[in-house]
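Structure record follows, encoded as structure tokens.
Starting from 1, each residue takes its place in the sequence as its number.
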Amino acid sequence: MRQEAAIDGFRLAYERTGSGPAVLLLHGWPGDRTDYHAVVPLVSQAADVIVPDLRGFGESDKHAADPAAQYSAAAQARSLIGLIGELALGPVVLAGYDIGSRIAQAIARNRPDLVRALVIAPPLPGIGDRILTPQAQREFWYQAFHNLGLSAELIDGRPDAVRAYLRHFWSHWSGPAYEPEDQHLDHLVSVYGPPGAFTASIAWYRAGAGSVAASLAEQVPDPGDRIAVPTTVLWPEHDPLFPREWSDRIGEFFADPRLTWLDGAGHFSPLEAPGAFAAAVVAAVETGPAKITQH
């Protein structure tokens with residue numbers, strides 16, 4: 001399916017399955033909407049599940065545009081808010097990990113009237129300057145690399161380079177029990193490999209939306225300005241980007257958070273722990289909508 005009304009010139013591709021309260025599942029980098037292939041069948045038994053490709057990913061529009069204006073968290077949120085309105089979804093359960101988590105948080109912060117609950121995995125606010133420690137910087141080097149023109153020159157439009165580069169992240173960021181299948185990598189190369197596709201995918205980082213930039217810029221909100229919707233945080237055990245000790249400040253940014261450990265899983269929580277991820281989403285659906293108005 002494809003969004004009918006373009007937002008800022010972008011139309012999103014999406015899949016829709018099931019019936020009931022609406023759920024929107026947001027993927028990460030370097031993935032696309034197929035990140036949720038094992039989650040959707042479990043959640044669609046209880047909900048109307050919409051899984052979009054974000055701007056610049058998968059089958060959604062990829063335009064050469066100023067990243068800060070068109071590929072930031074706020075820009076991605078505009079497309080998703082437009083989709084929620086177009087499909088008349090009402091308040092939704094928003095779930096996401098990686099960049100999808102940041103975008104879900106942006107929507108919940110600015111349009112809480114559209115959000116029934118959040119189910120999110122890292123990144124979350126509260127990291128602060130811990131992201132500059134030597135150990136963290138050994139993991140986050142790619143965000144600086146993505147801001148160099150050299151990254152696109154070396155990788156964009158080169159399927160073999162795309163495959164090798166993405167395989168590194170899918171292997172290194174995942175837990176010890178997970179290894180990406182060749183079929184999954186084949187799919188990723190099919191969507192990240194065409195000319196311009198890789199460059200569009202890293203526009204998020206060029207917009208200053210990556211975890212390094214976001215963590216250094218974050219400010220603790222006043223208690224009344226914390227994200228107010230009920231929030232379930234799923235924190236993996238083996239995510240090399242986001243160690244569990246970085247979960248210690250969630251309560252400074254969320255008014256109603258619940259922290260759950262995903263034992264055994266790495267960064268790619270919907271693929272590595274689909275049952276636990278789906279169970280958290282279904283629980284948020286069954287809890288009922290939050291009584292929150294826009295402010």
From [atom1] ([X]) to [atom2] ([Y]), nearest 0.5 Å:
X: Arg206; Y: Ser72; atom1: CZ; atom2: OG; value: 15.5 Å
X: Leu259; Y: Ile250; atom1: CG; atom2: CD1; value: 5.0 Å
X: Lys62; Y: Ser201; atom1: NZ; atom2: OG; value: 9.5 Å
X: Gln183; Y: Leu185; atom1: CD; atom2: CG; value: 10.5 Å
X: Ile120; Y: Ile227; atom1: CD1; atom2: CD1; value: 6.5 Å
X: Ile202; Y: Thr199; atom1: CD1; atom2: OG1; value: 5.5 Å

Distance-minimising heavy-atom pair for [X] and [Y]:
X: Pro122; Y: Leu234; result: CD-O, 3.3 Å
X: Gly196; Y: Asp156; result: N-OD2, 2.7 Å
X: Ala95; Y: Tyr36; result: O-OH, 4.0 Å
X: Ile103; Y: Ala77; result: CG2-N, 4.1 Å
X: Ala47; Y: Val23; result: CB-CG2, 3.7 Å
X: Arg116; Y: Pro230; result: O-CD, 3.8 Å

So do Leu271 and Asp35 actually touch side chain to side chain, heavy atoms under 4.5 Å?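 Of all side-chain heavy-atom pairs linking Leu271 with Asp35, at least one is under 4.5 Å.
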Between [X] and [Y], ring centroids under 6.0 Å:
X: Tyr97; Y: Phe242; answer: no
X: Tyr205; Y: Phe145; answer: no
X: Trp29; Y: Phe169; answer: yes
X: Tyr142; Y: Tyr165; answer: no

Check the pair Gln70, Arg78 against side-chain contact (heavy atoms from CB on, under 4.5 Å), reporting the backbone distance first and the verdict last. CA-CA 9 Å; Gln70 302 298 351; Arg78 289 196 299 271; 3.7 Å; yes
Could you check Leu118 against Phe254 for side-chain contact (heavy atoms from CB on, under 4.5 Å), going step by step and ending with a plain yes or no? CA-CA 11 Å; Leu118 286 177; Phe254 297 85; 4.2 Å; yes
Please check if the side chain of [X] supplies one atom and the backbone of [Y] the other of a donor-acceptor pair under 3.5 Å.
X: Arg249; Y: Pro125; answer: no
X: Asp53; Y: Asp32; answer: no
X: Glu218; Y: Ile127; answer: yes
X: Glu272; Y: Gly266; answer: yes
X: Arg55; Y: Ser60; answer: no
X: Gln143; Y: Ser211; answer: yes
X: Arg163; Y: Asp160; answer: no
X: Tyr192; Y: Phe57; answer: no
X: Ser174; Y: Glu179; answer: no
X: His27; Y: Thr34; answer: no

Any side-chain donor-acceptor pair under 3.5 Å between Arg102 and Gln105?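 Per modelled atom types, Arg102 and Gln105 side chains form no pair under 3.5 Å.
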Could you tell me whether the side chains of His63 and Asp8 share a donor-acceptor contact shorter than 3.5 Å?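 Not at all, the side chains of His63 and Asp8 share no donor-acceptor pair under 3.5 Å.
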In terms of hydrophobic clusters joined by side-chain contacts under 4.5 Å, are [X] and [Y] together?
X: Leu87; Y: Ile84; answer: yes
X: Val115; Y: Val282; answer: yes
X: Tyr14; Y: Val191; answer: yes
X: Leu148; Y: Tyr71; answer: no
X: Leu24; Y: Ile7; answer: no

Heavy atoms from other residues, nucleotides or ligands near CZ of Arg130 exceed 12 (cutoff 6.0 Å):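 Enclosed.
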Got a sec: does the CD of Glu4 have more than 12 other heavy atoms crowding it under 6.0 Å?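 Check fails, neighbour count at 12 or below.
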Salt-bridge criterion met for [X] and [Y] (N-O under 4.0 Å):
X: Arg11; Y: Asp61; result: no
X: Asp239; Y: Arg244; result: no
X: Arg2; Y: Glu59; result: no

Whether His168 and Trp141 hold their rings parallel, tilted or perpendicular, with breakpoints at 30° and 60°: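 His168 and Trp141: tilted rings.
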Aromatic ring pairing Phe268/Trp170, orientation class (parallel under 30°, perpendicular over 60°, tilted between):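 Plane angle under 30°, so parallel.
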